[in-house]
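If you're wondering where the values come from, they're calculated on a predicted model, not measured in any experiment.
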Amino acid sequence: MLSFISFWRAAAIVLSDLASSAYYAGGIAETAIGKSAPWFILSIMLFSYAVRAIYIESCSMFVRGGVYKVVHEAMGGTLAKFSVSALMFDYVLTGPISGVSAGLYLAGLINELGDQYKISALHVPSAYFAAGFAAIVTIYFWRKNIIGIHESSEKALRIMQITTVMVVILITWCLLTISQKGFNPVPLPDRSNIHYGPNALGWLKGTIAPQITFVAILIGLGHSLLAMSGFETLAQVYREIASPKLKNLERAGTVIFLYSLIFTAMVSFFAVMIIPDHERGKYLDNLIGGLSMFLVGPNILKLFFHGFVVLVGVLILAGAVNTAIIGSNGVLNRVAEDGVLPNWFRVPHHTFGTTSRLINLVVILQLVTIVISRGDVNVLGEAYAFGVVWSFAMKALSVLVLRFKKPEQRAWKVPFNLHIGGREWPVGLALITAFLFTLAAINVLTKETATIAGGIFTITFFLIFYFTERYHHRKAEAIDQSHLEQFRLDTNREITAERISVRPGNILVAVRNPVHLEHLEKVLAKTDTRKIDIVALSVHLVTQAASGEHELEADQIFSDAETQVFTKAVTLAEKAGKHIELLTVASTSPWVAMVQTAQNLQSSRLVTGLSPRLSPAEQGKLVGEAWECLPEPRPSLSLEIVMPDPNQSMYFNLGPHPPRLWPEDVDLVHRLWLELSQKGLGAGLRHRDIVGVALRRLDEQVHGGLERDVLSELNRELQEHPSERVPATLAEDSKP
């Protein structure tokens, strides 16, 4: 069930994860490397523009499914399963770290109010409260994702609108505070200003490496990397971005980059500049909440703003839980499509059509993670970075490999490409990939707990994928079904526009051969689906004997052939970023089924490809005869037959309609009008009067003994102007 959301909604979904890291990334980074952490956060946020470029190029190739499908395309199934296993570690931790962080902000506010008003009962154990709150939020968004992505994207958009209000107030108030009270300088990120926390070095502890400036900078960047977590969700949401798809993807990526750069980086700087050093350690778990308490102004106003900050934090961090569920559901869908997971996981929900079984699996893993962490955000943050960096690195390497493996022209490329010796060398992409693998390596060495936990999780998931794939292939399901969509069937006796949820004036596109859907692709490209609905119709042919005595079962109407053609139709709709309705009917005649369905849906146009066995004229005649058999009132309906060259179409109007007159016909009518007007008929004579008299006289001749002469003249007309019967090329909005 594809909703085709706007780029604002897509950006909101990704920002619910990416921008939410502003609430905890600064505190985690400062715990690891000291007061110079904001510079590293800023560097990572600037580098996120390069990561954005990788995801735009990847999506522009329309290799559906993000990391898994791109790595599979470039380097095969084994590395793809490894990549998606690491990515799932990222997603399974995204929800818990965001939910726990939201709970910590809320617990901090409750305890702050208790201390402020000397209410001893108003005090909660922060970690356990945060874990319980995270579990509640996870269950809430589990339900919303079961309902569908459009529902959850609406929530994400509202959350980001409220967050933007808070960000504007926070930045303005921080600047006012600095102008009145001054600020503490943020130390530059040189070796003397990097102070490692107790767990910041991992296996490098006790070695000389951390004393080397270059290595120290890499360590600082590694501990700040989770500030840009969330970009992988862009690849999952891309399939639902509305038309124009690539342009809207670029817009979403730009909004995501600018918003997270301003919010995440500035919060880190303001925290060090405004909160005194001896106080800041208390607020590393809820840095923005602490920042709000050291602004200028009355205490009551600061307390109110603190409450607002916490409210927004709870909303955006809870939104990140939603993002994690959306992203992981998308990833596992692609894995299941490729036959790595059984098709049982992809069976649509009986009411909402979503892949609820995959969503259930993800949410169970997240709830288990929350229980194990017991609300410790630093443990979650360290482990989280493992999945983030390896998913980015494998994605970048795969896009780089595809540049050489499939060098065909792309709609968008990562900039800085050199052309030497007739070949293109993607220098920019190679540098980004090398830097990501460098950060991945430094993370492995410095995050001991995260590496062990991430390694165990990744290997476990890899083995699950490996054995389920082997079992699946032994059952011979993957060969035939793995690349087919799963559809939820809604069977009804009658077809109406209200039942199908389409507006009158829709376009009905007949689809049959999944290899030849050029006519559907043309309609998708030319139609604004915000104004006109598109219905893809497949006619399941039955014999006279099969159509009468007993009603057909759903699987008799919707067979493997319909699954294949609708899978391709869905892919084309995704690529265009436009919604289509899918409909299949059983009939003994495809032509009768098409016009009857068009009448029931109040369609304005019927579009079909060229039949391999009929000429366009013969095809148009059969459809016209089927139209004549419709019960009154018969609709005004046009037929478009799209040629093998999609730029060429032939149009027919069905039933009574104004004829298309050729220029010589119009000239003849006008000349007769001039001559007859001058013979006493005066100014009251109209061109239609000439045509009307001519038609009545023709009718008299056909039925008055001169039929043979009329037929002979019509036949001569057909032979003299065969190429002018129907114009070969017409614009989509031309009137037949």
Passes side-chain contact (heavy atoms from CB on, under 4.5 Å), Phe461 versus Leu365? Steps please. CA-CA 12 Å; Phe461 248 73; Leu365 290 173; 3.7 Å; yes
For Thr94 and Gln366: C-alpha separation, side-chain torsions, deciding distance, then whether side-chain contact (heavy atoms from CB on, under 4.5 Å) applies. CA-CA 9 Å; Thr94 298; Gln366 289 182 335; 5.7 Å; no
Stepwise, does the salt bridge (Lys or Arg N to Asp or Glu O under 4.0 Å) test hold for Glu448 with Lys205? CA-CA 10 Å; Glu448 186 176 345; Lys205 191 173 184 178; over 6 Å; no
Audit row: Phe437, Trp390, side-chain contact (heavy atoms from CB on, under 4.5 Å) steps and yes/no: CA-CA 8 Å; Phe437 271 96; Trp390 281 108; 3.8 Å; yes
Intermediate values then yes/no, side-chain contact (heavy atoms from CB on, under 4.5 Å), Leu93 and Thr369: CA-CA 7 Å; Leu93 284 166; Thr369 303; 3.6 Å; yes
How far apart are the C-alpha atoms of Phe304 and Phe308, what are their side-chain angles, what is the distance that settles it, and do they pass the ring pair (Phe, Tyr, Trp, His ring centres under 6.0 Å) test? CA-CA 6 Å; Phe304 270 115; Phe308 182 47; over 10 Å; no
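For the residue pair Val100 and Ala134, the shortest heavy atom distance occurs at N-CB, 3.5 Å. The two residues Ala411 and Leu246 have their closest heavy-atom pair at CB-CD2, 3.5 Å. Shortest non-hydrogen contact noted between Val267 and Ala22 is CG1-O, 4.0 Å. Between Ala200 and His223 the shortest heavy-atom distance is O-NE2, 2.7 Å. Shown here for Phe270 and Leu291, the closest heavy-atom pair between the two residues is O-CD1, 3.5 Å. Contact detail for Tyr196 and Ile194: the closest heavy-atom pair is CE2-CG2, 3.7 Å.
Ile159 is listed as a side-chain neighbour of Thr163, based on a closest heavy-atom distance under 4.5 Å. Contact check for Phe47 versus Leu436: side-chain heavy atoms found under the 4.5 Å cut-off. In this structure, Ile44 and Thr264 have side chains that are not in contact, with every pair of non-hydrogen atoms separated by 4.5 Å or more. Looking at heavy atoms from C-beta onward, Tyr24 lies in side-chain contact with Leu226 at the 4.5 angstrom threshold. Val362 has its side chain out of reach of Asn329: every pair of non-hydrogen atoms, C-beta onward, lies at least 4.5 Å apart. The shortest distance between side-chain heavy atoms of Tyr259 and Thr164 falls below 4.5 Å. Side-chain contact between Arg280 and Phe294 is absent, with no heavy atoms from C-beta onward closer than 4.5 Å. Residues Tyr105 and Ile288 are in side-chain contact: their nearest non-hydrogen atoms beyond the backbone lie under 4.5 Å apart.
Few gaps surround NZ on Lys181; more than 12 heavy atoms of other groups in view lie less than 6.0 Å from it. Crowding of Arg191 atom CZ: a count of heavy atoms from other residues, nucleotides or ligands under 6.0 Å exceeding 12. Applying the 6.0 Å contact sphere to CG of Asn111 captures more than 12 heavy atoms from other residues, nucleotides or ligands. Residue Trp412 places its CH2 atom among more than 12 non-hydrogen atoms of other residues, nucleotides or ligands, all under 6.0 Å distant. When the shell of 6.0 Å around CD1 of Ile208 is examined, it contains 12 or fewer heavy atoms from other residues, nucleotides or ligands.
Taken from CD1 in Ile325 to CZ in Arg143, the straight-line distance is 13.0 Å, to the nearest 0.5 Å. To the nearest 0.5 angstrom, Ile256 atom CD1 is 7.0 Å from Leu18 atom CG. One finds the CE atom of Met293 at 9.0 Å from the CG atom of Leu295 (value rounded to the nearest 0.5 Å). To the nearest 0.5 angstrom, Leu397 atom CG is 9.0 Å from Leu429 atom CG. Here CG of Leu445 is found 5.0 Å from CG of Leu204. Values are rounded to the nearest 0.5 Å. The CZ atom of Phe141 sits 13.5 Å away from the CD1 atom of Ile136 when rounded to the nearest 0.5 Å.
A donor-acceptor contact shorter than 3.5 Å links the side chain of Ser6 to the backbone of Arg9. Distance alone, capped at 3.5 Å, places no donor-acceptor pair between the Ser101 side chain and the Ser98 backbone. With hydrogens and angles ignored, the 3.5 Å screen pairs a side-chain donor or acceptor of Thr458 with a backbone N or O of Gly454. Panel note: side chain Thr177, backbone Val296; a donor-acceptor pair is recorded below 3.5 Å.
A salt bridge links Glu279 to Lys282: at least one charged side-chain nitrogen sits closer than 4.0 Å to a carboxylate oxygen. Between Arg403 and Glu57 there is a salt bridge, since a side-chain N of the basic residue sits under 4.0 Å from a carboxylate O of the acidic one.
Under the 30°/60° scheme for interplanar angles, the aromatic rings of Trp173 and Phe305 are found to be tilted.
Geometrically, Arg251 engages Phe7 in a cation-pi contact defined by less than 6.0 Å to the ring centre and at most 45° from the axis.
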